[in-house]
Amino acid sequence: MKRYKFKGLFISSSLAVALLAGCGGGDNDDTNANADTGNNADNNAGAENTGNNDAGEENEAEASDSDAETTIRVAWWGGQERHDMTIEAIELFEEEHPDISVEPEYTSWDGYWERLSTQAAGSNLPDVINMDNSRLMEYNSRDLIVDLQPMIDEGLINMDDVEDVYQEINVDEDGKVMAISLGANALGIIENEDLLEEHGIELEPGYTYEEMMDAMHQIQDATDEEFFGFDFANAEFEMFFVYARQHGQSVFNEAGDGLGYEDEVLVDFFDMVQSMVNEDIAASHDIMMDYIDGGDSMLGEGSAALGMAASNQIIGAQQTTDMQLGLNVMPSVDGGQDGNWIRPSMSFSISENSEEQEAAATFIDFFTNNLEANEILQADRGVPVSSTVREHLADQVDGAIAETFEYLELVENYTSPADPLSPPGEAEVRGSFQRVVEALKYDQVTPEEAAEQFRQESESMLQ
Amino acid sequence: MAKSHEETADPSIYVPSQDEDMLKKQKKKEWKETLVGYAIISPWLLGFFLLILGPILASLYLSFTDYDLLSTPNWVGFDNYINILTSDPRFVQSLTVTLIFVFISTPLKLIFALGLAMLFNTGRKATGFFTTIYYIPSIIGGSVAIAVVWRQLFGRNGAINDILNSLGLSGLNWIGNPDTALSVLIILIVWQFGSPMIIFLAGLRQIPGELYEAASVDGANKVQTFIKITLPMLTPVIFFNLIMQTIGGFMIFTQAYLITQGGPMDSTLFYALYLYEMAFEYLRMGYASALAWILLVIIALITIIIFKTSSKWVFYESEGGR
């Protein structure tokens, strides 16, 4: 009996110890792996150059194992198409750099930022992070991403073929290079060209919001089929960005601690959105969300003639339909200014906690300059920023991809210098804007009330 | 057993009296048993302290900070609590939505569960089979697949609208309409009545048959037996189910997150959804932690109220029908 008890004690406590060891063991493995690879002399240099002390400290502690393979984690968001293409490009990278292996971490846009912020809280960010312009300041202001300038100076990331215009937005006020653009795009309108042609409508660039609405009325009056008109595609906030700029104002103020437009402009914009929905020339909110949630496209189906989009989205949209889609510039304001801007909206950053910053930089260089990789990637993240890659691809691509190349040349005539990057907290402000727009489309508030509510909410968020 | 051990024969200078000796041994034995007990549950204890108690205390601390997940938290005192309780319309909205949801879905679910349990308690053939069938939604109901199916069913071009159209009625976008979105989620939750049903079934089988026999001798009809015998005898089980389902109701998240994301117009913004949005989308972890603690207090209050009222309506046979 007594022996029995001790046996019990022994078993259970060893279980407990094993459990502890299990947890601890995992951690050890992790740090070892990182430290091992960090020991690689080359990597070390990269890490120190970027001022990351963690990697240096780790190196002192671990045993020598200089042949170990370097592993970097790369995170991005996207749809299945993009995942497939990116993974193929990664395989090519691993072939060319046998000493580096890449662990992909990919999700859809939903959940991507939740995942990243949780990883950031645990100092466990992937080495290479796919950034979006709207979040760049959020991450930069918390020093979660490193300055890439030293790596550019060192030649790790070759930016010789990249025009300044594509990188301007990624440099903060202290000259820190926060990210490297993955491709240029611009906001635009996707048209269903078959539908427009059928109704004899042609919207020449420079057309106004009124002409756009008239065109929608014209189709709505003529057609017997289900027709929603204009598809806001849940991008009313982006649309207002352009609209405010066309009125010589901007959504956020220069300092990024408040709003930079006069309420009149927003009231006009809200009035337009509300009346478009009420006059049946824009999809109502529930229909719009129904399509988005279901992964369907009104434009592809022919139940919408025009829709908001970022130019690179036409590549995905065209794949869902046999109808001919095309890109057009956004409507203009009579007597207004050019409101659009070419925006490399997606970019790659390297996280501060990365211990493989040199390998990460090599990876970014590969994405930026490798011709074969960019052939695989099909300009899905935007028109390549390297002129060499762009020229190389221009001869090969056709259809929707060629359309994005042409569009960026066209839209250049309708752009003005980009606003500064959105301040931290943009996500919350955007959420507030969308809620207000929702209420507006359901006719629950007037444009004046909506503008007032948005100002109140967002100003308290930005403080 | 302890008394007859060899060690007691140990010749030492101080020979304790047998009583004292026994007491000592008894204590030692008890202590050893306690130790063995703790050792056996130590994996659980570790888990409890590291994975449950730790985070709970951390969230209490964070609720007094401006923690944003990305940088170090700063102490802000009661600011979060004050903001939530005085100037957060979405807190009020989320609490209202959640309370409406709980007060509608819980009774409905219990009624369904009880009704079916009574049906399955008749002992007819194949009731076991049907019990299993009706339990299945409880197992799969929280899954992503079911949420997607639900969206398809109640979507604009979903099956429900197809049926309505074929009946000559015009359908509507159930999920996209602020007036109906909440009902769609309530139906989904009520549909998962499996586990209270099983518990009711067990409760029904506990009711002594002679009560019913006596009632039938007295000429009581079905309704009377139900009201006078079944319900009172079942009140402890109803009480248990009520508590469990109410608490569960407050914590609804997955289905709403997948089907409506809180929309349209915050009409399905459940408390847990709002909390999640604040914490992980808007990076206000400190604020969200405060929200979590307020929810805890609310759930505790409502549970206490249910407990307090229970003495009025819960019938325990063992207490002589008090």
Side-chain angles (χ1 to χ4, degrees), chain A residues 1-2 4-20 23 110-111 113-122 125 138-139 141-144 284-291 293-294 296 424-425 427-432 434-436 438-439 441-442 444 453 457 460-461, chain B residues 1-2 5 29 32-33 35-47 50 67-72 83 87-90 148 151-152 155-158 172-181 257-267 269 276-285:
Chain A
M1 180 81 190
K2 197 170 203 176
Y4 219 53
K5 262 189 232 155
F6 275 112
K7 215 172 180 179
L9 187 70
F10 176 74
I11 291 174
S12 49
S13 47
S14 47
L15 261 177
V17 170
L19 194 81
L20 265 179
C23 303
D110 286 333
W113 297 103
E114 282 93 322
R115 185 190 162 101
L116 268 195
S117 51
T118 323
Q119 287 176 329
L125 280 174
E138 192 106 56
Y139 278 72
S141 69
R142 273 114 173 170
D143 285 329
L144 291 165
S284 67
H285 188 76
D286 61 324
I287 288 171
M288 181 185 87
M289 291 315 288
D290 197 54
Y291 275 87
D293 288 341
D296 300 321
E428 207 176 348
V429 173
R430 190 179 198 282
S432 163
Q434 279 175 317
R435 279 197 305 279
V436 169
E438 240 178 272
K441 288 190 190 164
Y442 280 113
Q444 305 282 322
Q453 190 190 335
E457 287 186 12
S460 76
M461 287 164 186
Chain B
M1 166 178 160
H5 262 298
K29 192 183 155 198
K32 259 185 203 155
E33 269 175 2
L35 198 68
V36 170
Y38 278 120
I40 288 172
I41 61 166
S42 60
W44 182 86
L45 278 181
L46 268 177
L50 291 177
Y67 187 45
D68 65 0
L69 281 177
L70 306 180
S71 39
T72 46
N83 281 341
S87 57
D88 186 350
R90 297 190 80 209
V148 173
R151 214 160 57 190
Q152 299 285 335
R156 210 172 54 88
N157 297 316
L172 58 128
N173 187 354
W174 301 91
I175 291 167
N177 187 325
D179 298 328
T180 53
Y257 180 68
L258 291 168
I259 298 175
T260 61
Q261 287 98 38
M265 283 179 60
D266 285 349
S267 62
L269 184 77
Y276 175 86
E277 194 178 283
M278 276 293 156
F280 295 103
E281 279 173 33
Y282 303 152
L283 307 181
R284 291 183 181 242
M285 189 51 103

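All chains are named by letter (A, B, ...) in the order of the sequence lines, taking the proteins before the strands, and each is independently numbered beginning at 1.
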Q. Can you name the residues that form a ring pair (Phe, Tyr, Trp, His ring centres under 6.0 Å) with B/Tyr257, not counting sequence neighbours?
A.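 With neighbours one apart ignored, the set is B/Phe253, B/Tyr276.
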(Q) Can you confirm whether B/Met278 sits close enough to A/Glu428 that some side-chain heavy atom of one is under 4.5 Å from a side-chain heavy atom of the other? (A) yes
Q) Looking at B/Gly37, B/Gly155, B/Pro178, B/Ser71, which one has more heavy-atom pairs under 4.5 Å with chain A than the rest? A)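 Heavy-atom pair counts peak at B/Pro178.
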To the nearest 0.5 Å, what is the distance between [atom1] ([X]) and [atom2] ([Y])?
| X | Y | atom1 | atom2 | result |
| --- | --- | --- | --- | --- |
| B/Tyr282 | A/Ser432 | OH | OG | 8.0 Å |
| B/Asn173 | A/Met289 | CG | CE | 10.5 Å |
| A/Asp286 | B/Met265 | CG | CE | 12.0 Å |
| A/Glu114 | B/Phe280 | CD | CZ | 8.5 Å |
| A/Ser117 | B/Glu281 | OG | CD | 9.0 Å |
| B/Leu283 | A/Trp113 | CG | CH2 | 10.5 Å |

[X] portion near chain B, given a 4.5 angstrom heavy-atom threshold:
| X | result |
| --- | --- |
| A/Ile287 | both |
| A/Met288 | neither |
| A/Gln444 | side chain |

Q. Under 4.0 Å between a Lys/Arg side-chain N and an Asp/Glu carboxylate O for B/Arg151 and A/Asp290?
A.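 No salt bridge links B/Arg151 with A/Asp290.
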Q: Tell me, please, which residues at least two apart from B/Asn83 pass side chain to side chain contact (heavy atoms under 4.5 Å, CB included).
A: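 Per chain and number, B/Asn83 pairs via side chain to side chain contact (heavy atoms under 4.5 Å, CB included) with B/Ser87, B/Tyr287.
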Q | Non-hydrogen atoms of B/Asp266 and A/Glu438 that approach each other most closely | A |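 Smallest interatomic distance, heavy atoms only, reads N-OE2, 4.5 Å.
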Q. Considering only heavy atoms, which portion of B/Gln261 lies under 4.5 Å from any heavy atom of chain A: side chain, backbone, both, or neither?
A. side chain
